[in-house]
Amino acid sequence: MNILSNILFTIFFLGITGIVINRLHLLSILLCLELLLISLFLNISLWSNIFGNLLTLNYSILLITFSACEASAGLALMVSLSRSHNTDLLINVNLLQS
């Protein structure tokens, strides 16, 4: 289980580095956020299985629910930005300007 936990932590930090490095497109940031949330979900599920605590499974279900809500809100924001600015590049979007 230690190897699986290390793999999930590596996936989490890959998501963080993806957000730091790929700040050009909104879709790549949203995909990295989903990678972060899925790795957190798997970590919480793994820890609840290791420790035999079934109460923490509620937190993992709550986390996956918020992940789905975040994905739908992020895609709606991306569609709105691409329609109003004709691009998904975050460099061209300055919300303080208008």
Side-chain angles (χ1 to χ4, degrees):
M1 288 293 178
N2 194 12
I3 295 172
L4 185 60
S5 179
N6 289 337
I7 290 171
L8 291 175
F9 281 128
T10 305
I11 291 172
F12 181 79
F13 288 119
L14 281 175
I16 289 176
T17 56
I19 289 174
V20 170
I21 293 172
N22 295 327
R23 290 183 291 171
L24 187 62
H25 292 283
L26 182 62
L27 185 60
S28 65
I29 292 174
L30 288 175
L31 286 173
C32 290
L33 282 175
E34 286 299 316
L35 183 67
L36 285 172
L37 289 172
I38 287 173
S39 68
L40 282 176
F41 168 73
L42 290 174
N43 271 324
I44 291 173
S45 300
L46 179 70
W47 290 339
S48 67
N49 191 14
I50 288 172
F51 295 124
N53 190 359
L54 294 178
L55 293 176
T56 56
L57 284 177
N58 294 334
Y59 297 129
S60 64
I61 293 172
L62 185 68
L63 181 72
I64 202 76
T65 304
F66 284 144
S67 172
C69 294
E70 178 264 333
S72 65
L75 287 176
L77 180 66
M78 189 182 76
V79 167
S80 173
L81 285 175
S82 65
R83 285 184 182 173
S84 65
H85 296 287
N86 292 330
T87 184
D88 69 335
L89 294 175
L90 292 177
I91 295 171
N92 297 334
V93 177
N94 190 359
L95 296 177
L96 297 176
Q97 212 172 37
S98 57

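It should be emphasised that the depicted structure is a prediction, and the values quoted were computed from it without experimental measurement.
Note on Leu63: it does not cluster hydrophobically with Ile61, by side-chain heavy-atom contacts below 4.5 Å among ILVMFWY residues.
Taking the side chain as every heavy atom from C-beta outward, Trp47 and Ser5 approach each other to under 4.5 Å.
In plain terms, the two heavy atoms of Ile29 and Arg23 that are nearest each other are CD1-CA, 4.0 Å. Of all heavy-atom pairs between Asn22 and Ser28, the closest is O-OG, 3.3 Å. Contact record, Leu36 with Phe12: CD2-O, 3.1 Å, taken as the closest heavy-atom pair.
For Tyr59, the OH atom counts as loosely surrounded, since its 6.0 Å shell holds 12 or fewer non-hydrogen atoms of other residues, nucleotides or ligands.
The side-chain contact (heavy atoms from CB on, under 4.5 Å) search around Asn53 returns Leu55, Thr56, not counting sequence neighbours. For Leu42, the side-chain contact (heavy atoms from CB on, under 4.5 Å) test picks out Leu8, Ile38, with sequence neighbours left out. Annotation: side chain to side chain donor-acceptor pair (under 3.5 Å) contacts of Glu70 (sequence neighbours excluded): none. The side chain to side chain donor-acceptor pair (under 3.5 Å) search around Ser60 returns none, not counting sequence neighbours.
Under a 4.5 Å side-chain heavy-atom criterion applied to ILVMFWY residues, the cluster that includes Leu57 comprises Leu54 as well. As a member of the Ile/Leu/Val/Met/Phe/Trp/Tyr network built from side-chain separations under 4.5 Å, Phe66 groups with Leu62.
Interatomic distance, CD1 of Ile11 versus CG of Leu35, reported as 6.5 Å (0.5 Å rounding). How far OG of Ser48 is from CG of Asn58: 9.5 Å, rounded to the nearest 0.5 Å. Atom CD1 in Ile50 sits 8.0 Å away from atom CG in Leu4 (nearest 0.5 Å). Between the OG atom in Ser39 and the CD1 atom in Ile44 there is a gap of 9.5 Å [rounded to 0.5 Å].
The main-chain N or O of Ala76 is never found under 3.5 Å from a side-chain atom of Ser80 such that the two would form a donor-acceptor pair. Checking side-chain atoms of Thr10 against main-chain N and O of Asn6 turns up a donor-acceptor pair under 3.5 Å.
When each of Val79, Leu81, Leu75 is paired with Leu77, the side-chain contact (heavy atoms from CB on, under 4.5 Å) condition holds for Leu81 and for no other.
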